[in-house]
Amino acid sequence: MSDCIFCKIIAGEIPSKKLYEDELCYAFYDIAPQAPVHFLVIPKEHIPSTDDLTEKNAAVVSHLFLVIQKLAKETGLTNGYRIINNVGADGGQTVKHFHLHVLGGENLGEQMINK
Ligand code: AMP
């Protein structure tokens with residue numbers, strides 16, 4: 001999608017600190033990390049959010065999780081990590097291209113939200 005920042009990152013029109021890429025997905029470090037390790041894994045197909053997943057396009061999500069498993073090992077997240085998917089306004093989603101946050105590198109605790 002022409003005005004999507006993550007589509008532009010995939011296309012190389014906006015620079016990113018790339019971790020991984022294959023035919024289905026792209027992974028890169030978050031520009032404003034909220035943990036010692038914080039990266040994003042996104043489908044190359046422009047899917048705006050979890051609310052836009054369908055029987056036809058949702059298979060990529062399981063692929064993203066397998067890629068995360070591999071990248072977590074490669075980035076040293078051997079003691080665990082957290083995966084976050086923000087959805088819509090109340091979910092705090094700012095970029096309207098489906099993405100999974102992967103955070104770790106320290107003990108993130110048991111509390112899942114900070115208001
Ligand atoms: P969300 O709030 O779930 O939509 O997350 C969007 C994330 O994208 C935020 O954590 C931003 O820091 C991150 N972000 C925005 N622009 C860029 C960029 N150009 N490169 C890397 N990460 C970005």
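Read the numbers this way: they start at 1 and go in the same order the structure lists the ligands and their atoms. The residues of the chain are indexed from 1 along the displayed sequence.
Other residues, nucleotides and ligands contribute over 12 non-hydrogen atoms within 6.0 Å of the CG atom of Asp22.
Put simply, the side chain of Gln111 gets close to the backbone of Ile113: a donor and an acceptor are under 3.5 Å apart. With hydrogens and angles disregarded, a donor-acceptor distance shorter than 3.5 Å links the side chain of Arg82 to the backbone of Gly109.
Residues satisfying the ring-ring contact (aromatic ring centres under 6.0 Å, His included) criterion with Phe6, sequence neighbours excluded, are Phe28, His99.
If you chain together hydrophobic residues whose side chains sit under 4.5 Å apart, Leu100 and Ile47 fall into the same group.
The aromatic rings of His46 and His97 lie perpendicular to each other, with more than 60° between the two planes, well past the 30° mark.
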Tabulated below should be the N or O atoms of ligand 1 paired with protein N or O atoms at under 3.5 Å; can you produce that?
unit_1   : atom_1 : unit_2 : atom_2 : d
ligand 1 : 2 (O)  : Gly92  : O      : 3.0
ligand 1 : 2 (O)  : Thr94  : N      : 3.4
ligand 1 : 2 (O)  : Thr94  : OG1    : 3.1
ligand 1 : 3 (O)  : Asn86  : ND2    : 2.8
ligand 1 : 3 (O)  : His99  : NE2    : 2.8
ligand 1 : 3 (O)  : His101 : NE2    : 2.8
ligand 1 : 4 (O)  : Thr94  : N      : 2.7
ligand 1 : 4 (O)  : Thr94  : OG1    : 3.1
ligand 1 : 4 (O)  : Val95  : N      : 2.9
ligand 1 : 4 (O)  : His99  : NE2    : 3.0
ligand 1 : 5 (O)  : His99  : NE2    : 3.1
ligand 1 : 5 (O)  : His101 : NE2    : 3.2
ligand 1 : 10 (O) : Asp30  : OD1    : 3.2
ligand 1 : 10 (O) : Asp30  : OD2    : 2.5
ligand 1 : 12 (O) : Asp30  : OD1    : 2.5
ligand 1 : 22 (N) : Ile31  : N      : 3.1

